[in-house]
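For reference, the structure is listed below as C-alpha cells.
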Amino acid sequence: MKITLNRINNDFLFECTNSQGNSILLDNTSQPGAKGVSPMESVMMAVAGCSGIDVVSILKKQRQEITDFKAEVEGERIPVDDAKPFKSMVVKFFLEGNIDPKKALKASELSFEKYCSVSKTLEPNVEISYEVFVNGEKVTS
C-alpha cells in the first residue's frame, strides 16, 4: 500500500493520491479559506469509512435491506507535549431500511472487535465506542 502527497499551493493544501489515482485534499483547517480536511479529521473519516464498509458488507451478506446509511464520529483530543492526539472517539451509525436491529448491532460489534483495521490501529491509544440507530431508534443489547 502506498500513497503520494503533493503540495498544491503556497500554504498548507496537499493532495493525497492512492495507487489507483483517487485523491483527497488535506489542509490546515485553522487557517481561513481551507480547501481540504485536516489530517485529524481524515483519521475520523477513516474510522467511519472502514467500519462503515464492514457493517454494510456484513448486513448485505445477511440479506438486510439498507436504504440509507450514515455515520458520525466525534473525537476527544488531549494535549501530549506539543501534540493533541485523540483520547477517544464515539462512532454513531444511522441505518434505514428493512434491517434487524440486533443484526445491525452485531455487525457493528464485529467491525470494531475484529475487522476494522483503522480502529485496530488506533485501539492501543484511543478508546473507540459506538452507537447504532435503526430507523431512528437506538439499538441496545
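Model, not experiment: these values are computed from the prediction.
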Looking only at atom types and distance, does a side-chain atom of Asn6 sit under 3.5 Å from a main-chain N or O of Glu15, one as donor and one as acceptor?
no
Side-chain contact test, heavy atoms from C-beta onward, threshold under 4.5 Å: evaluate it for Phe112 versus Val47 and give yes or no.
yes
Where the side chain of Arg77 meets the backbone of Pro79, is there a donor-acceptor pair that is under 3.5 Å apart?
no
Should Phe69 and Val91 be regarded as members of a common hydrophobic cluster, given that ILVMFWY residues are connected when their side-chain heavy atoms come within less than 4.5 Å of each other, either directly or indirectly?
yes
Atom pair CG/NZ of Leu26 and Lys35 - distance to nearest 0.5 Å
15.0 Å
Output for pair (Phe14 CZ, Asp27 CG), nearest 0.5 Å, gives 8.5 Å
Nearest 0.5 angstrom please: Ile58 CD1 to Glu109 CD, how far?
10.0 Å
Can you hop from Val139 to Phe133 via hydrophobic side chains spaced under 4.5 Å?
no
Under 3.5 Å, side chain of Ser42 to main-chain N/O of Pro39, donor-acceptor pair present?
yes
Measuring from atom CG of Leu13 to atom CZ of Arg7, what distance do you get when rounded to the nearest 0.5 angstrom?
10.0 Å
Looking at Met89 and Leu122, what are the two nearest heavy atoms and their distance?
CE-CD1, 3.9 Å
Nearest non-hydrogen partners of Ser111 and Asp54, listed with the distance:
OG-OD2, 2.9 Å
Flag, side chain of Asn135 to backbone of Gly97, donor-acceptor distance under 3.5 Å:
yes
Identify the heavy atoms of Ser51 and Cys116 that sit nearest to each other, and give their distance.
N-SG, 3.8 Å
Assess, by modelled atom type and distance only, whether the side chains of Asn28 and Ser30 contain a donor and an acceptor separated by less than 3.5 Å.
yes
Val132 and Leu110: same hydrophobic cluster, using ILVMFWY side-chain contacts below 4.5 Å?
no
Keeping Thr17 on the side-chain end and Thr4 on the backbone end, is there a donor-acceptor pair under 3.5 Å?
no
Verify, without hydrogens or angle tests, whether Lys102 (side chain) and Thr140 (backbone) share a donor-acceptor contact under 3.5 angstrom.
yes
Flag the pair Leu59 / Lys103 as yes when at least one side-chain heavy-atom distance between them is below 4.5 Å, and no otherwise.
yes
Enter the distance from Lys70:NZ to Phe93:CZ here, rounded to the nearest 0.5 Å.
14.0 Å
Rounded to the nearest 0.5 angstrom, the NZ-CZ distance for Lys61 and Arg63 is 12.0 Å
Quick check on Lys120: does its NZ atom have over 12 non-hydrogen neighbours (other residues, nucleotides or ligands) under 6.0 Å away?
yes
Single-linkage hydrophobic cluster Ile3~Ile24, side-chain heavy atoms < 4.5 angstrom
no
Gln31 atom CD, over 12 foreign heavy atoms within 6.0 Å
yes
Val73 versus Ala48, closest heavy-atom pair with distance
CG2-CB, 3.7 Å
So, does Gln20 use its side chain to make a donor-acceptor pair with the main chain of Asn18 at under 3.5 Å?
no
I want to check something: taking the side chain as every heavy atom from C-beta on, are Tyr130 and Leu105 in contact at a cut-off of under 4.5 Å?
yes
Would you kindly confirm whether Leu95 and Val56 end up in one hydrophobic cluster when ILVMFWY residues are joined by side chain heavy atoms under 4.5 Å apart?
yes
Should Ser19 and Lys2 count as side-chain neighbours, where that means a heavy-atom distance under 4.5 Å?
no
